[in-house]
Amino acid sequence: MSENCKLILKKGKDASVRRFHPWIFSGAVSRTEGDPQPGDTIAVHAANGDLLGTGFYEGGSIAVRILSFKGEAIGRELFIKKLSEAWKLRSSLRLTGSDKTNAFRLVHGDGDGIPGLIVDWYKGTAVIQAHSYGIYRNAELIADSLKEVIGEGLKQVYDKSAGTLGGRKLGEIENRYLYTEGEPFPAADIQENGHTFRVNWEEGQKTGFFLDQRDNRALLGSLAEGKKVLNAFSYSGGFSIYALKSGAEKVLSVDSSAHAMDMLEENLKLNSGAERHESARSEVYPVLRDRGSEFDLIILDPPAFAKHKSARHQAVQGYKRLNQAAFGVIPAGGLVLTFSCSQVVGQELFEGAVRAAAIEAGRSIRVLGRLTQPADHPINIFQPEGEYLKGLLLQIR
């Protein structure tokens, strides 16, 4: 870190940083010294000169992401320390070394003290995504640090940052293997709570699989026996497989993506119960309208309706419309598992949209549970933005 590379906050704008919120917003910046470029390491100071931390300079609406509130140098030693802590947490959660579950989130950005870094673990393959310039510029160092922390259990490291940083100032960004024991391989059959899924990190969405729904899929499995289940926005069929193997009477999976349907078919072959399954490549609304009344358990797990605050109102209306469509057709006594993964739509807003949907549908509804992301997606208590996954288990009356 250059001694001349500093960021000084405006007077009175240091309170959240002193409470360990890792983001410095551009509106809080008084000035910078040393002409920092995106991805450079920078020291953050309060207006009175106090050193508040060190992090990566971004230059956007989030000006800096802090990796150390102690002012530590950002390098190999710090990455090994934080990655070791992340691995130790997953070990304490009994995720590492488990025969029943060998896929999990190893690093969850701010929740693990490494803002801008996602690392998902798939049976020996670490798939990383950079959400900041600094993380991308240090990707090879992060891969080397993962090798030191994990050892021979690590077979390869794949950097899948093109979709998260593509088109930015770093120039042309391509997905790449940063480390592999031999010839790289793009997919593996992983275990999640004893269920088998084929994950292709090169072609799949995000890092290849939606690991954040693991506990909620398990909940669905505990409810599905004897039920007729509609899985809307099914993607590769995670909820569908759990329902089938838990004894659901029938399962209909709906997704508009041909690629998602292909992945679903692969997963059906790897698990039991396919004879009770039906696939529909379709938009969700026509299926809810025409066939929704056939089902007594409906799963609504759409992609994010809003990625920026400017789209928040539209997203809330979208959640209202979707839930209203399900509430209007499901028989009395039926269950709905409904989710939002839009970070900018908080729990209160999401529940408000669901409540408005119930009013419009004219249904009495009970909340049986509030759902969130699992423990390997930890949340920094000083940064509520980290709690992006919201869900409700509802009984429709």
Side-chain angles (χ1 to χ4, degrees), residues 210 212-213 216-217 219-220 223-224 227-235 238-240 243 248 250-257 260 278 280-373 384-385 387-397:
F210 291 98
D212 54 3
Q213 289 285 24
N216 297 323
R217 285 189 282 264
L219 172 64
L220 178 277
L223 301 169
K227 296 285 199 306
K228 302 179 182 72
V229 179
L230 169 59
N231 183 12
F233 309 98
S234 60
Y235 187 50
F239 282 106
S240 301
K250 71 173 182 178
V251 177
L252 172 62
S253 299
V254 183
D255 203 292
S256 61
S257 165
E278 179 185 353
R281 185 187 169 194
S282 169
E283 298 294 335
V284 165
Y285 287 101
V287 176
L288 283 172
R289 181 191 64 225
D290 298 336
R291 298 190 57 185
S293 60
E294 299 176 21
F295 301 93
D296 46 24
L297 201 166
I298 296 176
I299 303 149
L300 302 174
D301 185 23
F305 282 173
K307 295 184 178 181
H308 304 284
K309 288 183 178 180
S310 60
R312 181 159 53 193
H313 176 73
Q314 183 177 349
V316 170
Q317 295 304 309
Y319 290 121
K320 175 186 172 183
R321 178 183 174 221
L322 176 62
N323 283 275
Q324 182 179 343
F327 297 163
V329 294
I330 192 170
L335 300 175
V336 173
L337 274 164
T338 182
F339 297 96
S340 164
C341 62
S342 298
Q343 186 181 64
V344 298
V345 178
Q347 182 74 32
E348 186 176 350
L349 272 179
F350 177 60
E351 290 199 23
V354 173
R355 187 178 303 110
I359 293 170
E360 292 294 328
R363 304 298 294 269
S364 174
I365 293 178
R366 291 195 288 192
V367 177
L368 304 186
R370 289 180 171 85
L371 314 174
T372 186
Q373 58 223 56
E385 298 93 335
E387 189 171 6
Y388 69 95
L389 182 62
K390 287 82 56 183
L392 294 168
L393 170 61
L394 308 171
Q395 184 188 50
I396 317 303
R397 304 172 73 187

- So, E351 and K390, do they make that salt bridge, N to O below 4.0 Å? no
- Distance, nearest 0.5 Å, that separates CZ of F339 from CG of L392: 9.0 Å
- Can you tell if the side chain of H308 reaches within under 4.5 Å of the side chain of V344, non-hydrogen atoms only? no
- Item | Minimum heavy-atom distance between P331 and S293, given as atom pair plus value | CG-O, 3.5 Å
- Does a side-chain heavy-atom distance below 4.5 Å link F327 with L394? yes
- Report yes or no: do S234 and S240 form a side-chain donor-acceptor pair below 3.5 Å? no
- Verify, without hydrogens or angle tests, whether D296 (side chain) and G334 (backbone) share a donor-acceptor contact under 3.5 angstrom. no
- Under the side-chain contact (heavy atoms from CB on, under 4.5 Å) rule, what do L337 and L371 come out as? Steps first, then yes or no, please. CA-CA 9 Å; L337 274 164; L371 314 174; 3.4 Å; yes
- Kindly indicate whether the side chain of L389, heavy atoms from C-beta on, has any atom under 4.5 Å from the side chain of Q213. yes
- Query: Under a 4.5 Å cut-off applied to non-hydrogen side-chain atoms, are F233 and V284 in contact?
  - Reply: yes
- Query: Just wondering, are more than 12 heavy atoms of other shown residues or ligands nearer than 6.0 Å to CD in E283?
  - Reply: no
- Item | From K228 atom NZ to I298 atom CD1, the distance as rounded to the nearest 0.5 Å | 12.5 Å
- Item | Between NZ on residue K309 and CD on residue Q343, distance to nearest 0.5 Å | 10.0 Å
- Query: Mind checking whether S342 and Y319 have side chains closer than 4.5 Å, heavy atoms only?
  - Reply: yes
- Message: Can you tell me how far apart CG (L297) and CG (L220) are? Round to the nearest 0.5 Å.
- Response: 6.0 Å
- Message: Rounded to the nearest 0.5 Å, what separates atom CZ in R363 from atom CZ in R397?
- Response: 11.0 Å
- Item | Cationic tip of R355 above F350 ring, under 6.0 Å, 45° of axis | no
- If only atom types and distance count, is the side chain of N323 paired as donor or acceptor with the main-chain N or O of A357 below 3.5 Å? no
- Would you mind reporting whether V251 and E278 have side-chain heavy atoms less than 4.5 Å apart? no
- Could you walk me through whether L322 and F305 pass the side-chain contact (heavy atoms from CB on, under 4.5 Å) test, one step at a time? CA-CA 11 Å; L322 176 62; F305 282 173; 4.3 Å; yes
- For Q395, which of V336, I365, L335 qualifies under side chain to side chain contact (heavy atoms under 4.5 Å, CB included)? L335
- Task: Check whether the side chains of Y388 and D212 place a donor and an acceptor atom closer than 3.5 Å, and report yes or no.
- Result: yes
- Tightest non-hydrogen contact, residues V229 and A224, listed as CG2-CB, 4.5 Å
- Does K250 reach the side chain of F295, with side-chain heavy atoms less than 4.5 Å apart? yes
- Message: Within the structure provided, determine whether L230 and V254 are in side-chain contact (heavy-atom separation under 4.5 Å).
- Response: yes
- The reported gap from OH in Y285 to CZ in R321 (rounded to nearest 0.5 angstrom) is 4.0 Å
